[in-house]
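The residues of the chain are indexed from 1 along the displayed sequence. This structure is a prediction, so every number in the text was calculated from the model and none was measured.
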Amino acid sequence: MEVLRRSSVFAAEVMEVFDRSPTDKELVSQAKALCRDYINSRLIRAGVSWSKPEYNAPVPGGKLAEVSTILLRLGDELEYIRPNVYRNIARQLNISLHSETVVTDAFLAVAAQIFTAGITWGKVVSLYAVAAGLAVDCVRHAQPAMVHTIVDCLGEFVRKTLVTWLKRRGGWADITKCVVNTDPSLRSHWLVAAVCSFGHFLKALFFVLLPER
(Lines give C-alpha, C1' and ligand atoms only; values in the text may rest on other atoms or scores of the structure.)
Protein backbone atom coordinates (compact mmCIF):
# COMPACT_ATOMS: atom_id res chain seq x y z
CA MET A 1 0.00 0.00 0.00
CA GLU A 2 1.45 3.32 -1.03
CA VAL A 3 2.09 5.84 1.72
CA LEU A 4 0.58 9.21 0.88
CA ARG A 5 3.22 11.87 1.43
CA ARG A 6 4.11 15.39 0.41
CA SER A 7 7.21 15.72 -1.76
CA SER A 8 8.09 18.96 -3.50
CA VAL A 9 10.57 17.11 -5.70
CA PHE A 10 7.96 14.60 -6.84
CA ALA A 11 5.42 17.38 -7.37
CA ALA A 12 7.86 19.23 -9.60
CA GLU A 13 8.39 16.07 -11.66
CA VAL A 14 4.65 15.54 -12.05
CA MET A 15 4.24 19.16 -13.15
CA GLU A 16 7.12 19.01 -15.63
CA VAL A 17 5.57 16.24 -17.71
CA PHE A 18 2.75 18.55 -18.81
CA ASP A 19 5.30 20.29 -21.03
CA ARG A 20 5.88 17.15 -23.11
CA SER A 21 4.13 13.95 -24.10
CA PRO A 22 3.53 12.05 -20.85
CA THR A 23 4.48 8.41 -20.42
CA ASP A 24 2.08 5.76 -19.13
CA LYS A 25 3.72 5.85 -15.71
CA GLU A 26 3.44 9.62 -15.51
CA LEU A 27 -0.24 9.59 -16.48
CA VAL A 28 -0.92 7.08 -13.70
CA SER A 29 1.05 9.16 -11.17
CA GLN A 30 -0.97 12.22 -12.15
CA ALA A 31 -4.22 10.25 -11.92
CA LYS A 32 -3.38 9.23 -8.36
CA ALA A 33 -2.34 12.75 -7.37
CA LEU A 34 -5.66 14.06 -8.72
CA CYS A 35 -7.51 11.32 -6.85
CA ARG A 36 -5.85 12.26 -3.54
CA ASP A 37 -6.81 15.87 -4.06
CA TYR A 38 -10.40 14.99 -5.02
CA ILE A 39 -10.81 12.69 -2.02
CA ASN A 40 -9.35 15.24 0.38
CA SER A 41 -11.75 17.88 -0.95
CA ARG A 42 -14.73 15.61 -0.42
CA LEU A 43 -13.61 14.62 3.09
CA ILE A 44 -13.34 18.29 4.01
CA ARG A 45 -16.74 19.03 2.50
CA ALA A 46 -18.29 16.13 4.38
CA GLY A 47 -16.81 17.43 7.62
CA VAL A 48 -15.16 14.10 8.26
CA SER A 49 -12.46 14.18 10.90
CA TRP A 50 -9.53 11.90 10.25
CA SER A 51 -5.82 11.67 10.88
CA LYS A 52 -4.73 12.66 7.39
CA PRO A 53 -1.26 11.54 6.34
CA GLU A 54 0.72 14.03 4.31
CA TYR A 55 0.03 13.56 0.64
CA ASN A 56 1.28 14.90 -2.62
CA ALA A 57 -1.04 17.80 -3.46
CA PRO A 58 -0.82 19.56 -6.82
CA VAL A 59 1.46 22.59 -6.69
CA PRO A 60 -0.58 25.83 -6.41
CA GLY A 61 -0.67 27.71 -9.70
CA GLY A 62 0.66 24.78 -11.73
CA LYS A 63 -1.03 22.90 -14.57
CA LEU A 64 -1.83 19.88 -12.44
CA ALA A 65 -3.47 22.21 -9.93
CA GLU A 66 -5.56 23.68 -12.75
CA VAL A 67 -6.62 20.21 -13.84
CA SER A 68 -7.50 19.34 -10.25
CA THR A 69 -9.59 22.49 -9.88
CA ILE A 70 -11.54 21.73 -13.05
CA LEU A 71 -11.99 18.08 -12.11
CA LEU A 72 -13.47 19.16 -8.78
CA ARG A 73 -15.65 21.75 -10.47
CA LEU A 74 -17.06 19.23 -12.91
CA GLY A 75 -17.47 16.80 -10.03
CA ASP A 76 -19.50 19.40 -8.14
CA GLU A 77 -21.77 19.76 -11.14
CA LEU A 78 -22.13 16.02 -11.57
CA GLU A 79 -22.88 15.40 -7.90
CA TYR A 80 -25.37 18.27 -7.84
CA ILE A 81 -27.40 16.64 -10.62
CA ARG A 82 -27.60 13.23 -8.91
CA PRO A 83 -26.33 13.60 -5.33
CA ASN A 84 -27.70 10.30 -4.05
CA VAL A 85 -25.68 8.31 -6.58
CA TYR A 86 -22.36 9.43 -5.11
CA ARG A 87 -23.24 9.19 -1.44
CA ASN A 88 -23.34 6.12 0.78
CA ILE A 89 -21.54 4.12 -1.88
CA ALA A 90 -20.77 1.21 0.44
CA ARG A 91 -24.40 0.87 1.45
CA GLN A 92 -25.53 0.95 -2.19
CA LEU A 93 -22.99 -1.75 -3.03
CA ASN A 94 -23.88 -3.69 0.11
CA ILE A 95 -20.22 -4.28 0.96
CA SER A 96 -18.12 -4.45 4.09
CA LEU A 97 -15.39 -1.83 4.38
CA HIS A 98 -13.19 -4.01 6.56
CA SER A 99 -11.79 -6.06 3.67
CA GLU A 100 -9.32 -4.55 1.21
CA THR A 101 -10.20 -7.23 -1.34
CA VAL A 102 -13.92 -6.52 -1.09
CA VAL A 103 -13.44 -2.77 -1.45
CA THR A 104 -11.06 -3.20 -4.39
CA ASP A 105 -13.26 -5.70 -6.23
CA ALA A 106 -16.36 -3.54 -5.76
CA PHE A 107 -14.65 -0.39 -6.98
CA LEU A 108 -13.23 -2.12 -10.05
CA ALA A 109 -16.63 -3.64 -10.86
CA VAL A 110 -18.24 -0.20 -10.81
CA ALA A 111 -15.37 1.34 -12.79
CA ALA A 112 -15.60 -1.33 -15.48
CA GLN A 113 -19.34 -0.79 -15.89
CA ILE A 114 -19.01 3.00 -16.08
CA PHE A 115 -16.77 2.65 -19.14
CA THR A 116 -18.56 -0.25 -20.80
CA ALA A 117 -19.89 1.92 -23.63
CA GLY A 118 -16.73 3.97 -24.14
CA ILE A 119 -14.69 6.72 -22.51
CA THR A 120 -15.68 10.36 -22.05
CA TRP A 121 -14.51 13.03 -19.65
CA GLY A 122 -17.91 12.88 -18.00
CA LYS A 123 -17.34 9.23 -17.15
CA VAL A 124 -13.83 9.97 -15.90
CA VAL A 125 -15.25 12.57 -13.52
CA SER A 126 -17.87 10.03 -12.46
CA LEU A 127 -15.09 7.55 -11.64
CA TYR A 128 -13.43 10.11 -9.36
CA ALA A 129 -16.75 10.93 -7.70
CA VAL A 130 -17.29 7.23 -6.95
CA ALA A 131 -13.77 6.89 -5.53
CA ALA A 132 -14.26 9.93 -3.30
CA GLY A 133 -17.69 8.81 -2.14
CA LEU A 134 -16.31 5.41 -1.21
CA ALA A 135 -13.35 7.03 0.56
CA VAL A 136 -15.70 9.17 2.65
CA ASP A 137 -17.59 6.02 3.66
CA CYS A 138 -14.34 4.30 4.66
CA VAL A 139 -13.22 7.17 6.90
CA ARG A 140 -16.66 7.45 8.48
CA HIS A 141 -16.51 3.74 9.31
CA ALA A 142 -13.09 4.00 10.93
CA GLN A 143 -11.22 2.56 7.94
CA PRO A 144 -9.03 5.51 6.85
CA ALA A 145 -6.28 3.20 5.57
CA MET A 146 -8.69 2.15 2.80
CA VAL A 147 -8.25 5.60 1.26
CA HIS A 148 -4.78 4.52 0.15
CA THR A 149 -6.26 1.34 -1.32
CA ILE A 150 -8.84 3.28 -3.31
CA VAL A 151 -6.20 5.65 -4.71
CA ASP A 152 -3.98 2.75 -5.74
CA CYS A 153 -6.96 0.92 -7.24
CA LEU A 154 -7.96 3.93 -9.32
CA GLY A 155 -4.37 4.28 -10.51
CA GLU A 156 -4.30 0.66 -11.62
CA PHE A 157 -7.61 1.06 -13.45
CA VAL A 158 -6.27 4.13 -15.26
CA ARG A 159 -3.14 2.18 -16.25
CA LYS A 160 -5.12 -0.69 -17.72
CA THR A 161 -8.08 1.15 -19.21
CA LEU A 162 -7.59 4.89 -19.66
CA VAL A 163 -3.92 5.51 -20.45
CA THR A 164 -4.20 5.00 -24.22
CA TRP A 165 -7.23 7.30 -24.38
CA LEU A 166 -5.45 9.95 -22.28
CA LYS A 167 -2.33 9.82 -24.46
CA ARG A 168 -4.40 10.41 -27.60
CA ARG A 169 -5.68 13.59 -25.97
CA GLY A 170 -2.31 14.80 -24.83
CA GLY A 171 -2.84 13.96 -21.18
CA TRP A 172 -4.97 15.20 -18.30
CA ALA A 173 -4.82 18.84 -19.39
CA ASP A 174 -7.36 18.01 -22.12
CA ILE A 175 -10.09 18.13 -19.46
CA THR A 176 -9.72 21.91 -19.37
CA LYS A 177 -11.53 22.03 -22.72
CA CYS A 178 -14.70 20.96 -20.91
CA VAL A 179 -15.04 24.40 -19.35
CA VAL A 180 -13.15 26.73 -21.68
CA ASN A 181 -16.09 27.27 -24.01
CA THR A 182 -19.21 28.73 -22.41
CA ASP A 183 -21.46 27.82 -25.37
CA PRO A 184 -24.61 26.35 -23.71
CA SER A 185 -24.87 23.62 -26.36
CA LEU A 186 -21.34 22.41 -25.59
CA ARG A 187 -22.03 22.57 -21.87
CA SER A 188 -25.15 20.47 -22.41
CA HIS A 189 -23.05 17.99 -24.38
CA TRP A 190 -20.77 17.46 -21.38
CA LEU A 191 -23.74 17.05 -19.06
CA VAL A 192 -25.33 14.48 -21.36
CA ALA A 193 -22.07 12.52 -21.50
CA ALA A 194 -21.85 12.62 -17.72
CA VAL A 195 -25.45 11.64 -17.13
CA CYS A 196 -25.00 8.66 -19.46
CA SER A 197 -22.45 7.32 -17.01
CA PHE A 198 -25.11 7.10 -14.31
CA GLY A 199 -26.84 4.28 -16.17
CA HIS A 200 -23.64 2.27 -16.20
CA PHE A 201 -23.02 3.07 -12.54
CA LEU A 202 -26.45 1.83 -11.50
CA LYS A 203 -26.01 -1.23 -13.70
CA ALA A 204 -22.76 -1.91 -11.86
CA LEU A 205 -24.58 -1.79 -8.53
CA PHE A 206 -26.90 -4.52 -9.81
CA PHE A 207 -24.01 -6.78 -10.82
CA VAL A 208 -22.12 -6.27 -7.57
CA LEU A 209 -25.23 -7.08 -5.55
CA LEU A 210 -25.84 -10.32 -7.46
CA PRO A 211 -25.14 -13.37 -5.25
CA GLU A 212 -22.27 -15.60 -6.28
CA ARG A 213 -23.24 -18.55 -8.40
Heavy-atom donor-acceptor pair, [X] side chain to [Y] backbone, under 3.5 Å:
X    : Y    : value
E100 : A145 : no
K123 : G118 : yes
T69  : A65  : yes

Would you call [X] and [Y] a side-chain contact if the rule is heavy atoms closer than 4.5 Å?
X    : Y    : result
L154 : F107 : yes
D76  : R45  : yes
S68  : Y38  : no
W121 : D174 : yes
L72  : D37  : yes
L97  : M146 : no
V124 : I175 : no
R82  : L78  : no

Please name the pair of heavy atoms, one in [X] and one in [Y], separated by the smallest distance, quoted to 0.1 Å.
X    : Y    : value
V102 : S96  : CG1-O, 3.6 Å
D137 : A90  : OD2-N, 2.8 Å
A33  : L64  : CB-CD2, 4.1 Å
L43  : A135 : CD2-O, 4.3 Å
K32  : G155 : CG-CA, 3.7 Å
V67  : A173 : CG2-CA, 3.8 Å

Nearest 0.5 Å please: distance from the [atom1] atom of [X] over to the [atom2] atom of [Y].
X    : Y    : atom1 : atom2 : value
S41  : R36  : OG    : CZ    : 15.5 Å
R91  : H141 : CZ    : NE2   : 8.5 Å
I95  : L134 : CD1   : CG    : 5.5 Å
L162 : R169 : CG    : CZ    : 10.5 Å
I70  : W172 : CD1   : CH2   : 13.0 Å
T23  : K167 : OG1   : NZ    : 7.0 Å

Quick check, are the ring centers of F115 and F157 under 6.0 angstrom apart?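 Distance test on ring centres: under 6.0 Å, yes.
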Between E156 and R159, is there a side-chain N and carboxylate O pair less than 4.0 Å apart? yes
Reference residue E79; test salt bridge (charged side-chain N to carboxylate O under 4.0 Å, His left out); the match among R73, R42, R87: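 For E79, the salt bridge (charged side-chain N to carboxylate O under 4.0 Å, His left out) check succeeds only for R42.
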Go through V130 and I114 one step at a time and tell me if the side chain to side chain contact (heavy atoms under 4.5 Å, CB included) criterion holds. CA-CA 10 Å; V130 171; I114 288 175; 4.2 Å; yes
